[in-house]
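Below you'll find the structure, written out as structure tokens, and then a few comments.
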Amino acid sequence: MTRPEVRAVLVAALRELRPELAGVPISGDEHLAADLGLDSVARVELLVMLEEAFGVEDEVDPRIFVTPSTLDELVEQIAVTEQVVLR
């Protein structure tokens, strides 16, 4: 899966998780907590949604959701860390 595909899935899941973001442009440099409202519980919910979307339940390492602070950093972390899982 390419980075743009990962980003598209991530943004769709994010909008499902946070309906108030519907119609709001998301550039990728938004801070996950400050701008998008993702606390630790929301990050776990997002992880579960992504596992389901990618069809790799229980295979995505949850630690990749701890370090990134922006959406683009999370996309990059998923693409790099889970490259083998997503292929």
Side-chain angles (χ1 to χ4, degrees):
M1 189 171 263
T2 66
R3 282 169 180 76
E5 290 170 328
V6 170
R7 187 179 190 285
V9 170
L10 183 56
V11 169
L14 180 61
R15 289 179 196 258
E16 184 177 334
L17 185 63
R18 294 284 186 255
E20 63 273 17
L21 296 174
V24 174
I26 297 178
S27 66
D29 61 350
E30 295 86 0
H31 191 274
L32 295 172
D35 299 326
L36 301 175
L38 293 181
D39 60 13
S40 59
V41 173
R43 286 186 188 213
V44 171
E45 292 172 344
L46 186 61
L47 167 66
V48 171
M49 293 172 78
L50 292 177
E51 287 179 333
E52 291 172 358
F54 294 140
V56 291
E57 293 183 38
D58 299 324
E59 293 182 36
V60 176
D61 187 344
R63 293 175 291 181
I64 66 173
F65 283 78
V66 175
T67 307
S69 59
T70 68
L71 184 67
D72 281 344
E73 289 175 6
L74 181 55
V75 168
E76 184 64 22
Q77 189 69 27
I78 291 170
V80 170
T81 306
E82 302 302 326
Q83 188 174 24
V84 175
V85 174
L86 298 177
R87 287 187 182 228

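Just the heavy atoms: all of them, side chains too, but no hydrogens, waters or symmetry mates, feed the values below.
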Could you tell me whether the side chain of Glu45 and the main chain of Arg43 form a donor-acceptor pair under 3.5 Å? no
Does anything in residues 1-15 form a salt bridge (Lys or Arg N to Asp or Glu O under 4.0 Å)? List the pairs, not counting sequence neighbours. Arg3-Glu76, Arg7-Asp72
Side chain to side chain, Leu10 and Leu14, heavy atoms closer than 4.5 Å: no
Give the table of side-chain donor-acceptor pairs shorter than 3.5 Å for residues 32-40, with sequence neighbours excluded, one pair per line with atom names and distance.
| residue | atom | partner | partner atom | Å |
| --- | --- | --- | --- | --- |
| Asp35 | OD2 | His31 | N | 2.8 |
| Asp39 | OD1 | Val41 | N | 3.2 |
| Asp39 | OD1 | Ala42 | N | 2.8 |

Which heavy atom of Ala13 sits nearest to which heavy atom of Leu46, and what is that distance? CB-CD1, 3.7 Å
